[in-house]
Structures are given as C-alpha cells and as structure tokens.
Amino acid sequence: MSRLKIYTKFNLVGSFFFFLFSCISWQRGLQSQLYFSSPNLAVYKLDASPKEISLNTSGHDAVAVDEKTLKSILFTIRKDRSFLRVNDKETLWSLETIEELLPILKDILSPANKNKTFFIVVKEEDKLSPYSRIFRTTFYLNRNENTLQIIFEEIDTNINFGTQFTFSDWANPSFFKVVCKKEKPLTFSGKLEVAFQFKKDLSCEDKIILPSKSVDTKLENQVNYHWILVNLEKAIEANKGMPIEIGKERSKGREKRLKELQDLYKKGLINRDDYEIKKAEVLGEI
C-alpha cells in the first residue's frame with residue numbers, strides 16, 4: 001500500500017472529495033467508501049457485494065499476483081477497434097490508464113482486501129474535446145478464491161458535459177444490478193487468453209424451447225458477455241518465460257515486430273497511442 005499512499009499524496013482533487021463520498025449509502029442497500037481517487041480513477045470499497053456476486057468462503061490460499069501479470073491481464077481485455085482498423089482489436093484502456101490501474105489492482109488483490117468487492121470508475125479524455133467530453137467505464141471487481149471477477153456496466157461510454165466538468169460529475173457512483181447482457185463489447189487476445197472466460201449464467205438462457213438443430217448453440221445463450229472470469233493461477237503460469245530454445249525464436253520475432261511498428265509510426269500510418277500500446281504488448285511478452 002506504500003506505493004498507493006505516495007501516489008495519492010499528489011492527488012488534491014481526490015483528497016478534497018474523499019470526505020464527501022465516504023460512508024454514503026446508495027441505492028439497493030449498498031454502502032461504500034471512496035478507497036482511492038485520482039484525476040482519472042475513482043475506486044469505491046463496498047461493505048457488501050451485490051447478491052449476484054459470489055465470494056470466497058472456502059479459506060483456500062490465494063496466489064500472489066505480481067504487477068507484470070496484472071499488466072498482461074489488462075492487455076488481454078480487448079474491445080472492437082474504431083474505423084482505424086476494421087478487423088483488429090485494441091486494448092480496453094490506453095497504456096497510461098493501464099499503468100495507473102496497476103498499483104490499485106495489486107492492492108485490491110492483496111490479502112488485506114480478501115472477500116471485498118470494489119466498484120471502479122475509469123475516465124479517459126475524449127481527445128476531440130478534452131475539457132467537456134470523456135469516455136467512462138464502470139465495473140465491479142472482486143476476487144473469489146483464485147478467480148478474478150470483473151463485471152462491467154459502462155464500457156467506453158462517451159459523455160458530453162458541454163462545459164468544464166468536475167470530479168463529482170463523472171466519479172459519483174451509480175451502482176448497477178448485475179443482469180445478463182448478451183451483446184459482445186469485449187473479447188480476449190494474447191498469451192493469457194487461456195486464463196479468461198465469460199461467465200456462464202443460467203439467467204441468460206433463452207426461455208424459448210430451442211429446436212433440436214439449435215441445441216449446439218444453447219451454451220452460447222447462457223453467456224453473460226459483461227462478466228469476465230480470470231483464472232489467476234493459469235494467468236501466472238501463462239505469463240512465465242518461455243523455454244530458452246523457444247525464447248530465442250520469439251526474441252527474433254519481437255525485434256521484427258518492433259521494427260515494423262516503428263516504420264508504421266514514422267510513416268504516419270499509426271498514431272502515437274497505437275504505437276506505444278503495441279510496443280508495450282510486444283515488450284510485455286519478454
């Protein structure tokens with residue numbers, strides 16, 4: 001938590017609103033405290049989880065997750081890319097946002113926060129109108145034994161305030177009821193993909209009796225595409241270094257990809273953000 005304290009010392013905005021948002025009772029009986037804040041993040045610690053979110057009751061030992069694995073986990077969550085690249089995916093958050101989230105998530109996953117659920121609000125500036133428009137993502141996050149649960153409500157919701165906005169405008173939490181959502185705003189990509197899955201939820205199942213030829217699609221109808229489960233043990237294993245022989249081949253491939261990225265950036269075919277994100281992904285494989 002020491003790194004987190006140092007980080008928050010410079011956050012005047014979050015400090016000002018800490019008392020304002022602490023110990024406030026919100027709709028559906030949830031109570032929260034503002035656990036951390038910055039110009040781009042608001043993290044609330046809930047006294048109780050929404051009833052749909054399961055918690056650890058077995059007492060199993062939790063694996064320790066380092067920041068390198070956490071960074072790979074965040075890079076694995078992808079969204080549909082905009083018109084820049086039709087057939088590609090991009091990371092849910094920018095590299096700067098991911099770097100800011102890392103110490104927060106490490107602290108949340110520590111033993112001190114066992115069986116606690118957090119509500120997180122992430123703000124990213126809309127570069128076309130940075131002082132009046134934002135992209136906001138809101139989600140619940142908790143750890144159930146060695147499974148990380150992330151349940152999204154908003155995903156890159158574009159909000160236009162029209163005028164200069166304040167912390168309370170975008171960070172005021174509005175807790176949501178966890179329901180089945182079948183639209184597919186997110187996907188997974190990268191070497192940690194094996195550790196990811198969407199939640200299978202019986203409440204998602206279509207009530208209409210399916211014809212026999214559609215039986216194979218029944219599981220598809222039970223998936224909540226806003227509820228992500230990450231097997232932390234698998235994620236740690238997948239994030240370990242490759243054997244030396246394979247590593248040499250991968251190293252050559254990485255050098256080639258980095259050079260290609262640099263060439264694309266110099267030619268103006270990709271912007272600075274795209275270059276930095278892709279570069280970090282390649283270097284993250286080391």
Side-chain angles (χ1 to χ4, degrees), residues 1 30 32 35-36 43-79 91-93 98 101-122 137-155 175-182 184-205 219-240 284:
M1 190 66 181
L30 291 178
S32 70
Y35 188 73
F36 173 84
V43 181
Y44 298 88
K45 190 175 187 177
L46 307 185
D47 289 345
S49 298
K51 64 180 182 180
E52 299 88 348
I53 304 176
S54 58
L55 288 167
N56 179 15
T57 57
S58 68
H60 289 170
D61 291 336
V63 295
V65 187
D66 59 26
E67 284 196 15
K68 182 181 177 183
T69 300
L70 283 174
K71 189 172 186 177
S72 296
I73 287 173
L74 294 178
F75 270 121
T76 301
I77 305 174
R78 306 297 178 95
K79 62 184 177 182
T91 54
L92 176 57
W93 293 298
I98 287 175
L101 276 166
L102 285 176
I104 314 302
L105 295 188
K106 186 175 180 181
D107 180 69
I108 286 174
L109 295 180
S110 69
N113 287 312
K114 181 180 179 182
N115 292 342
K116 292 297 181 181
T117 296
F118 291 80
F119 183 79
I120 302 175
V121 184
V122 179
T137 299
T138 59
F139 59 97
Y140 292 114
L141 183 144
N142 82 349
R143 179 174 185 161
N144 182 14
E145 297 183 0
N146 285 319
T147 298
L148 183 64
Q149 301 187 104
I150 312 172
I151 306 101
F152 289 92
E153 173 66 7
E154 296 175 292
I155 299 175
F175 301 127
F176 61 92
K177 183 178 180 182
V178 180
V179 296
C180 176
K181 293 190 176 181
K182 293 186 178 182
K184 303 178 181 180
L186 300 173
T187 187
F188 316 130
S189 181
K191 62 179 180 178
L192 265 64
E193 186 177 349
V194 294
F196 280 70
Q197 69 178 55
F198 290 106
K199 171 79 171 179
K200 299 293 192 300
D201 185 352
L202 290 177
S203 68
C204 293
E205 186 176 0
L219 287 178
E220 183 81 3
N221 294 330
Q222 296 177 0
V223 176
N224 188 339
Y225 289 101
H226 283 240
W227 191 332
I228 293 174
L229 303 177
V230 185
N231 185 313
L232 294 175
E233 292 173 301
K234 286 185 178 181
I236 292 170
E237 185 64 29
N239 208 46
K240 289 180 179 178

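Fair warning: this is a prediction, and the values are worked out from it, not measured in the lab.
In plain terms, the two heavy atoms of Pro103 and Glu67 that are nearest each other are CA-OE2, 4.2 Å. Pairing each heavy atom of Ile150 with each of Leu141, the nearest pair is CG1-CD1, 4.2 Å. In plain terms, the two heavy atoms of Gln149 and Ile53 that are nearest each other are NE2-CG2, 3.7 Å. Taking every heavy atom of both residues into account, Lys45 and Tyr35 meet most closely at CD-CD1, 3.9 Å. In plain terms, the two heavy atoms of Arg143 and Leu109 that are nearest each other are NH1-O, 3.1 Å. The two residues Val63 and Glu233 have their closest heavy-atom pair at CG1-CG, 3.7 Å.
The residues Lys177 and Glu52 are annotated as not salt-bridged, no charged nitrogen and carboxylate oxygen being separated by less than 4.0 angstrom.
Side-chain atoms of Asn113 never come within 3.5 Å of backbone atoms of Lys116 as a donor-acceptor pair (strictly under, hydrogens ignored). Formation of a donor-acceptor pair under 3.5 Å by the Lys182 side chain with backbone atoms of Cys204 is found in this model. Of the possible donor and acceptor atoms, one in the side chain of Ser72 sits under 3.5 Å from a partner among the backbone N and O of Lys68. The backbone N or O of Lys181 sits less than 3.5 Å from a side-chain atom of Asn224, completing a donor-acceptor pair. Remark: the backbone N or O of Phe188 is not paired with any side-chain donor or acceptor of Thr76 at under 3.5 angstrom.
Residues Lys79 and Thr137 are not in side-chain contact: their nearest non-hydrogen atoms beyond the backbone lie 4.5 Å or more apart. When side chains are defined from C-beta on, Leu105 counts as touching Leu74, because their heavy atoms get closer than 4.5 Å. For the pair Phe176/Phe119, a side-chain contact is recorded, criterion being any heavy-atom separation below 4.5 Å from C-beta on. Looking at heavy atoms from C-beta onward, Phe196 lies in side-chain contact with Ile228 at the 4.5 angstrom threshold. Inter-residue side-chain proximity for Leu70 and Leu101 is flagged as unmet; no heavy-atom pair is nearer than 4.5 Å. Looking at heavy atoms from C-beta onward, Ser32 lies in side-chain contact with Phe175 at the 4.5 angstrom threshold. Two residues are said to be in side-chain contact when any heavy atoms from C-beta on lie closer than 4.5 Å; Asp66 and Thr69 meet this criterion. Ile104 is not listed as a side-chain neighbour of Phe118, based on a closest heavy-atom distance of 4.5 Å or more.
The CG atom of Leu229 lies 8.5 Å from the NZ atom of Lys200; values are rounded to the nearest 0.5 Å. In this structure, the separation between CD on Gln222 and NZ on Lys199 is 11.5 Å, given to the nearest 0.5 Å. Within the model, atoms CD1 of Ile151 and OG1 of Thr138 stand 11.5 Å from one another, a figure rounded to the nearest 0.5 Å. In this structure, the separation between CD1 on Ile77 and CD1 on Ile155 is 9.5 Å, given to the nearest 0.5 Å. Here the straight-line distance linking atom OG1 of Thr187 with atom CZ of Arg78 works out to 9.0 Å at 0.5 Å rounding.
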> side chain to side chain contact (heavy atoms under 4.5 Å, CB included) between Ile108 and Ile120: does it pass, once the steps are laid out?
Replying inline: CA-CA 11 Å; Ile108 286 174; Ile120 302 175; 4.0 Å; yes
> Can you list the steps and then say if Val122 with Phe139 is a side chain to side chain contact (heavy atoms under 4.5 Å, CB included)?
Replying inline: CA-CA 9 Å; Val122 179; Phe139 59 97; 4.0 Å; yes
>> Under the criterion side chain to side chain contact (heavy atoms under 4.5 Å, CB included), I'd like the reasoning laid out for Ile73 against Leu232: C-alpha separation, chi angles, the key distance, then a yes or no.
In response: CA-CA 9 Å; Ile73 287 173; Leu232 294 175; 4.0 Å; yes
